Each structure stands twice: as structure tokens, then as C-alpha cells.
Amino acid sequence: MDIWDTLYNAARKVQNDRAISPFIDAGGVAAALVTKAGNIYVGVCIDTAASLGMCAERNAIANMITNGESQIDKILAVMPDKKVGPPCCTCREFMMQLDRDSGDIEVMLDYDARKIVRLRELVPEWWGTARFDTNP
């Protein structure tokens, strides 16, 4: 089993589409990431009636940050149909802002085809690169 299998299985383990309340659904999409330190974090989407929700990727990233890390090595998201799909633009932007080297994050786009790209390919000509050069 390779790291992508491990991440896919970790995401599937927490993926459980459910109603939390009449206003909130969770778990339709699940994500897993592995950090540069080798730790795995997972998250599920939280969808709300008032647009206050959170994507599975950002939930996994929040879990990572809560545990004191901020450098992602690889990430994938499992959609409701159990296929892996790309992160939304908000998640892409959030990841780019984490670290100077975030463009190197490997993002799985298709589990069956093993299609993997670097985050920089999904966010070409990112606006914030120069800020990393002027701020620690």
C-alpha cells in the first residue's frame, strides 16, 4: 500500500454523509493530508444553510494546524461518489498561503488513474509569492 492508498482509506474512514441539524449536513466529502513530518490529518465537509460551512480539505488543514503543523506534503479529497476530485478555489488559495513552498504540495485529482499535480499547477501565477520574500 502506498501513501495515496493510506490517505484514501483515511478519508473514507471518516466520510459519513449525515444531517447534524435541519441546517447542517456533514461528511459528504472527506479529505486526508500528510504533512512534511509524515503525520496524517483528516477532515470532512460541513455544509450549512447560511454559507458558514467548511470544505473537507480546510477542515483537515485546520486539524493539522491545531496539532502544531503547517506544511502539507500531499492531499486528496474523496467526493460523495467515492471518487477523488480537485480542491475548490478557496481551498487552493488557503493552501498556497500556508507556506512559501506550498506550490509543491502534491494534489491527487484522480485516484483510479493516479493523476497527481502540484498545487502550483492549479494556481498558476499566484498573487502572493512576493510577500513570502518580504515577510518571514
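Just so we're clear, the structure is a prediction, and the values are computed from it rather than from any experiment.
- When each of Cys45, Pro86, Pro87 is tested with Glu57 by the rule side-chain contact (heavy atoms from CB on, under 4.5 Å), just one qualifies, namely Pro87.
- Rounding to the nearest 0.5 Å places CD1 of Ile105 at 12.5 Å from CZ of Arg92.
- Hydrophobic clustering of Ile, Leu, Val, Met, Phe, Trp and Tyr side chains at less than 4.5 Å, counting indirect connections, keeps Leu52 apart from Phe23.
- Asn59 places no side-chain N or O within 3.5 Å of a backbone atom of Cys55 that could act as its donor or acceptor partner.
- When the ring pair (Phe, Tyr, Trp, His ring centres under 6.0 Å) test is applied to Tyr111, the partners found at least two apart in sequence or on another chain are Tyr8.
- Within 6.0 Å of atom NZ in Lys115, 12 or fewer heavy atoms from other residues, nucleotides or ligands are found, so the atom counts as exposed in its surroundings.
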| task | Apply side chain to side chain donor-acceptor pair (under 3.5 Å) to the pair Asn9 and Asp5, showing each step before the final yes or no. | result | CA-CA 6 Å; Asn9 291 331; Asp5 293 327; over 6 Å; no

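- Note: Leu76 CG to Asp110 CG = 11.5 Å, rounded to the nearest 0.5 Å.
- Between Ile72 atom CD1 and Ile65 atom CD1 the span is 8.0 Å, to the nearest 0.5 Å.
- Between Asp2 and Arg114 a salt bridge is recorded (basic side-chain N to carboxylate O distance below 4.0 Å).
- How far SG of Cys89 is from CD of Glu93: 9.5 Å, rounded to the nearest 0.5 Å.
- Distance check: Cys91 SG to Ile75 CD1 gives 7.5 Å after rounding to the nearest 0.5 Å.
- Between the side chain of Arg18 and the backbone N or O of Asn16, at least one donor-acceptor pair lies under 3.5 Å.
- For Arg118, the salt bridge (charged side-chain N to carboxylate O under 4.0 Å, His left out) test picks out Glu106, with sequence neighbours left out.
- With contacts defined as side-chain heavy-atom distances shorter than 4.5 Å, the pair Met96/Leu119 qualifies.
- Side-chain contacts under 4.5 Å among hydrophobic residues (ILVMFWY), followed directly or transitively, place Met54 with no other residue at all.
- Under the 4.5 Å side-chain criterion, counting only non-hydrogen atoms from C-beta, Val44 is not in contact with Gln15.
- For Asp81, there are no salt bridge (charged side-chain N to carboxylate O under 4.0 Å, His left out) partners at least two apart in sequence or on another chain.
- Considering only residues two or more places apart in sequence or on other chains, Asp99 meets the salt bridge (charged side-chain N to carboxylate O under 4.0 Å, His left out) condition with none of them.
- Both Val107 and Leu98 sit in one connected hydrophobic cluster of ILVMFWY residues. Membership requires side-chain heavy atoms under 4.5 Å apart, directly or through other members.
- Between Met79 and Val84 the shortest side-chain heavy-atom distance does not fall below 4.5 Å.
- Taking OG of Ser102 as the start and CD of Gln97 as the end, the distance is 9.5 Å to the nearest 0.5 Å.
- Contact check for Leu7 versus Arg12: no side-chain heavy atoms found under the 4.5 Å cut-off.
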| request: Could you give me the CA-CA distance, side-chain angles and deciding distance for Arg58 and Thr90, then say whether side chain to side chain contact (heavy atoms under 4.5 Å, CB included) is met? | output: CA-CA 9 Å; Arg58 282 183 286 139; Thr90 301; 3.7 Å; yes

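- Looking only at side-chain heavy atoms (C-beta outward), Leu109 and Leu122 come within less than 4.5 Å of each other.
- Between Val78 and Ala11, the shortest heavy-atom distance links the atoms CG2-CB, 3.8 Å.
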Counting only pairs under 3.5 Å, give me each side-chain donor-acceptor contact of residues 24-37, with atom names and distances, residues two or more places apart or in other chains.
unit_1: Thr35; atom_1: OG1; unit_2: Ala37; atom_2: N; d: 3.3
unit_1: Thr35; atom_1: OG1; unit_2: Gly38; atom_2: N; d: 3.3
unit_1: Thr35; atom_1: OG1; unit_2: Asn39; atom_2: N; d: 3.1
unit_1: Thr35; atom_1: OG1; unit_2: Asn39; atom_2: O; d: 3.4
unit_1: Thr35; atom_1: OG1; unit_2: Glu69; atom_2: OE1; d: 2.7

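- Cluster membership for Trp4 and Ile40, using ILVMFWY side-chain heavy atoms within less than 4.5 angstrom, is shared.
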